[in-house]
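A single structure is presented below for examination.
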Amino acid sequence: MIISKNWLNEFIDLSHLSAEAVCKKLNEIGLEVDSLNKFSIPNHVVVGKVLSCVDHENSDHLHVCEVDVGSEVLQIVCGAPNVAAGQFVACALIGAIMPSGLEIKAAKLRGVASSGMLCSSTELGLPKLNNGIMLLDDSIGELVLGRELKEYPIFNDELIEIELTPNRGDCLSIHGVARDLSAGFDLPLKEREPREDEEKLLGIGRIISIRCEDKIEASVAYKAIELKEELSLNLKTELRLAYTEQTKEHPVEKILSYMTYSTGVIFRAYDYEKLATNKEEKIVIDIKVLNNGSYGVYFDSKCLGQLGIWQTKEANIDNNSKIIIIEASYVDPKIVSEAALKDKEQPRDEAVYRSSRGSEPKLSMAMNFLFDIFAKNKHITPYAGMQQILLEKDQIIISFNCTELSNMIGAEISRNDVVKILKRLGFDITFNTEQEHIYAKVPFYRHDILNSHDICEEIVRIIGIDNIPSKPLIFSEKSRINNNTYISYKNSKRLRHNAAALGFFECVHYVFDNAGELDALGFKPCKAQILNPINNELAVLKPTLINHLLNSCERNIKNSKKSVKLFEFGDVFNEDGDQSAKFAFLASGLKNEPTLLNGAKPSEINFFDFASLIQNSVGKIELVKSDDIPFLSEFEQAKVYQNNEYIGYIGRVDLNLELKRDLPKTYVCELDFERIKFENRIAKTYSKFPSISRDLSVIIDKDLEYLEIKNCIDELKIGILKEFLPVDIYEDKSLNAKVSLSIKFIFQDMQKTLEDEEISAVMDQILQALNNKLGIGLR
C-alpha cells in the first residue's frame, strides 16, 4: 500500500510532522513501513505560461515558444507534440540541473536561440503522465508565474509504502491509514465541507431505481452523471494515480480508482444507454442472493456482475458513454471470500483483493467526496440524490472493563485513554456506570475484532508496546498437590486400584451408545445429536455406563465365563447434554470361578456380597431401599448414600432383562464420581479388653423392615455396643405369619472388662425399647 504525506494531509493535518515521525508512528501502530522515498523538483524549475507557439522553420517537429516566467518572457524551442499557446507549463531556467544530471544552458537549436526547457514529468523525476510536456493546472494550488515548482506540496512530497496483514483491509485506503494515525497521534480527522446545492439538478430517481427482495449483508448505492464532452483529469489526480500505479484508461474509471484508493469504497461504472432503450426510460436494478451466497446485480434478468467480485463487460463504459451510473458497494468480506476464493471457476477481478479483506462500508461518505469532484468539473453534470440499499446486519458489541484490559496488558490504562483510542478508531462507546463496564460497538470495517482480547490488542498497538513498562517474569512453581484435576486423577486411580484388587476387571467403551438399548433400560436420549455417527449402534451420547457393562458381561458369559466382575470409569451425558463422571460396577454369575479351593461348586453372587465389594472399594456406604429404577428388580435395589448424601444406586438386573440378554443373576452399581467421599483413613485406638457377644431372637412381622429395628437400637446410644447385625431368619407355621429374627450383639469397653450383669442390663434395655416402640418380644 503506497501512501503520500501530502495525500494524508487531506484527511488529517500532519503538516507539523516530518515523514520520519509519520513512519515511526506507523510502525508503532502495526502498519509496517517497507520504504520511504522523498522526491522534489530541482531548483530553477518554475511555473511558466506559453504565450505563443509557432512551428520551427527548419524542423518538422520543433516549435518556437514564447514563455512568460513572471520576471521575463523567454524564447524556448520545444519538441513536445502537445505544446500550445495558453498552457501553463513547467519551465526549467538556465542553470537548472535535472535529475538525470543534464544542466540547462542557453543554446541554439537549428539556428534558433533557446533560453530554457519545457519539461515532461519524467524529465523532472516524476512518473510518466503523457507523451509530451507536463501541463499545470490549479489543482496543485494557485499558479503564480515564476514560482518554483518545489514550493508546491504536490511536488515536494514523501511516498511511504506499508505492508498490511490480510486482516487489515480497513487500511487499504488513504482514509483508513489516516484514521489509524488519528488514534496514534491523537489528532482529529478533518471534517468535510458541505457540498454544493443539488436542487437545480435532475434527480437520479428519474432514470434508475433499485430493489432487493431478500435481507442482505451488504450495502449498495448508486449515483449518475452525464458527460458533456471529452473528460480530462487534473494534474494532481493524474500524479497520484501514477504514484499508486493505477492503470485504468477511461477518465471516469480513473476517477473511480482514485476514489477507491482514497476512501476504500469499491466503485464501478455502468453505461446507462447500453441498458436503457431510450434516455427517458427508468431502469430497475435488482440485487439478488446467488447460490454461493454472493449478491448478483441484475437488469432485465441479465447479470451485470457480483457486488465486490466482478463486473461483466456488457455494460462497461467506453469513449462513447454519455450517461454513466456509478455503483458503490460493501459486502461482508466472509461472503466474498467464500464465493470468490474457494471456487476456481468463479469470475473475479481486481476488486476482490479489497472486498475479501474488508472494504469501507461508509458509502455515502465516499459518494459525497466523489460528487464534489464531479461538481467541480465543467465537463460533468451530476444527477441529484442517491439510490441505496443499506446493510442489514447487527454490529458486534463487546463488553469489557478497564481492570480486565489492564490485567491483560500488564499496565494500568485509564478509562479515558481507552475510550479516546476506540472512538478515534471508529468504535461507538457506551457505559454501564454501576458495573464500570464499557460496551464497544465494532465498526463493520473492523471485521477482525471479535472479543475483548482483540480490543486489548488495539489499545496496545496505539499506545505502543515500547510505552508499556516491562516487569520481571515471576518464575515460581506452584504446589500442584491441591490442584483439583490432580486430586481427581489420584482419586480415580485409587478407586480403580481398589476395584482391581477385589477381582474386578476394567472396561473401556465408546462415549457413544445404542439408542434402542438405552430406551429399553428407561434412559432418555441426550438432546445433543451426533451428526456423523460411527454406525447406527453408536449413534447417541451415552447417559449411563451400565448398558456397555451389560453388553460386555453378555459376551463374557457366551464365552463360557462363570463369574464376571467388571468396572468402568468414564463420562456420561444427561438429557440436557451436561457431562459428568461416573463409576460403575457389575458382578454376574458365581462369586468366583470354579476351582479346587472351592470344591468346584462356588455359590452365586448375591446382593449382600456385591454390596460388600462396593463398600470395600469406595468406603463405607449406606443403602436405602428403592423401587424407582426400572431396569432393576423391585425386590433387590437400593439407593447408595455416603455421609447422608446420595451418590448412586445398586441392585439386581430385572429378571426379564436377564432372560432377554441370556445373563445369570447379575448385579450392577453406578455411582457419581464427584460425590464419592475420598477421606483419609484415620487410625483409631482399640480396646485391650475382650469383647462379649450376645444373641437375641425376637418375633417380628414379615413386612417389618430391619431398618426400623436398627434405628430403634441406634437411638439408645449405648457406648459399649460396638456392633450388631442379623444372623438368622426362621419361619414356621407355628409362628402365625410371623418370623423369628436372630440378632448378634457385640459389646466391648475401652477401660475395663465387662461383667455379665452390665451386659444383661443393656440387653434388657434393648428388648424393652423394641417392645415399646415396635411391639417386638422374645421368641
Side-chain angles (χ1 to χ4, degrees), residues 24-32 164-171 176-189 217 332-334 357-358 361-362 391 393-488 576-579:
K24 181 181 178 183
K25 182 58 68 175
L26 288 170
N27 281 322
E28 288 177 354
I29 63 178
L31 305 180
E32 182 181 354
L164 295 175
T165 53
N167 66 309
R168 293 309 308 274
D170 60 300
C171 287
V177 175
R179 183 168 49 211
D180 261 30
L181 288 174
S182 169
F185 284 121
D186 192 19
L187 294 172
L189 291 174
E217 295 184 12
D332 189 316
K334 293 181 180 178
R357 286 163 172 77
K362 296 180 180 179
L391 177 66
K393 180 182 178 182
D394 294 332
Q395 289 178 261
I396 296 175
I397 299 177
I398 299 174
S399 170
F400 61 93
N401 58 53
C402 290
T403 302
E404 178 186 354
L405 285 185
S406 297
N407 289 337
M408 284 190 280
I409 295 171
E412 191 72 26
I413 308 297
S414 70
R415 187 174 76 167
N416 289 341
D417 288 340
V418 171
V419 171
K420 181 171 60 177
I421 289 171
L422 293 179
K423 283 187 175 181
R424 292 280 192 212
L425 293 174
F427 291 75
D428 290 332
I429 303 297
T430 55
F431 301 95
N432 183 330
T433 54
E434 295 181 359
Q435 300 179 357
E436 298 184 353
H437 266 70
I438 299 174
Y439 298 94
K441 185 178 289 187
V442 182
F444 289 120
Y445 54 78
R446 290 309 306 272
H447 60 92
D448 57 322
I449 305 296
L450 300 175
N451 50 48
S452 60
H453 297 278
D454 296 327
I455 295 288
C456 175
E457 183 180 341
E458 293 299 295
I459 301 301
V460 169
R461 75 180 183 87
I462 297 302
I463 290 177
I465 192 70
D466 294 336
N467 296 323
I468 297 175
S470 59
K471 293 182 179 180
L473 175 64
I474 300 175
F475 193 78
S476 58
E477 182 70 13
K478 294 183 178 180
S479 172
R480 303 188 183 199
I481 195 65
N482 294 322
N483 183 274
N484 291 335
T485 302
Y486 176 74
I487 292 174
S488 177
D576 297 323
D578 298 326
Q579 184 175 351

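Starting from 1, each residue takes its place in the sequence as its number. Basis for what follows: all heavy atoms, side chains included, without hydrogens, waters or symmetry-related copies.
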Is a salt bridge present between R446 and E458, judged by a nitrogen-to-oxygen distance below 4.0 Å?
->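 Yes, this pair counts.
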Beyond-backbone contact of D417 with I459, side-chain heavy atoms, under 4.5 angstrom =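 No, too far: nothing below the 4.5 Å cut-off.
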For K25, what residues pass the side-chain hydrogen bond (donor to acceptor under 3.5 Å, both in side chains) criterion, not counting sequence neighbours?
->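 Partners of K25 by the side-chain hydrogen bond (donor to acceptor under 3.5 Å, both in side chains) criterion, ordered by chain and then number, come out as E28.
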If only atom types and distance count, is the side chain of H437 paired as donor or acceptor with the main-chain N or O of T430 below 3.5 Å?
->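 Such a contact is absent between H437 side chain and T430 backbone.
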Is R168 paired with D180 through a side-chain N to carboxylate O contact shorter than 4.0 Å?
->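 Salt bridge: yes.
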Counting only N and O atoms by type, is there a donor-acceptor contact under 3.5 Å from the side chain of D576 to the main-chain atoms of D578?
->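 Such a contact is absent between D576 side chain and D578 backbone.
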Step by step, would you call D448 with D454 a side chain to side chain contact (heavy atoms under 4.5 Å, CB included)?
-> CA-CA 8 Å; D448 57 322; D454 296 327; over 6 Å; no
Which residues pass the side chain to side chain contact (heavy atoms under 4.5 Å, CB included) test with D428, sequence neighbours left out?
->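 In terms of side chain to side chain contact (heavy atoms under 4.5 Å, CB included), with neighbours along the sequence ignored, D428 is linked to K441.
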Partner residues of C402 under the side chain to side chain contact (heavy atoms under 4.5 Å, CB included) criterion, sequence neighbours left out |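 Here the qualifying residues are R415, V418, I438.
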Which residue, I421, I463, L405, forms the side-chain contact (heavy atoms from CB on, under 4.5 Å) with I413?
->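 The residue from I421, I463, L405 that satisfies side-chain contact (heavy atoms from CB on, under 4.5 Å) with I413 turns out to be I463.
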Side-chain donor-acceptor contact under 3.5 Å, T165 with N167 |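 Judged by distance alone, the side chains do pair up.
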So, do I398 and V442 sit near enough that their side-chain heavy atoms are less than 4.5 Å apart?
->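 Sidechains of V442 and I398: in contact.
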At what distance, to the nearest 0.5 angstrom, does CD1 of I462 lie from CZ of F185?
->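 The distance works out to 10.5 Å.
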Which heavy atom of R357 sits nearest a heavy atom of P333, and at what distance?
->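 Scanning both residues completely, I find the closest heavy atoms to be C-CB, 4.2 Å.
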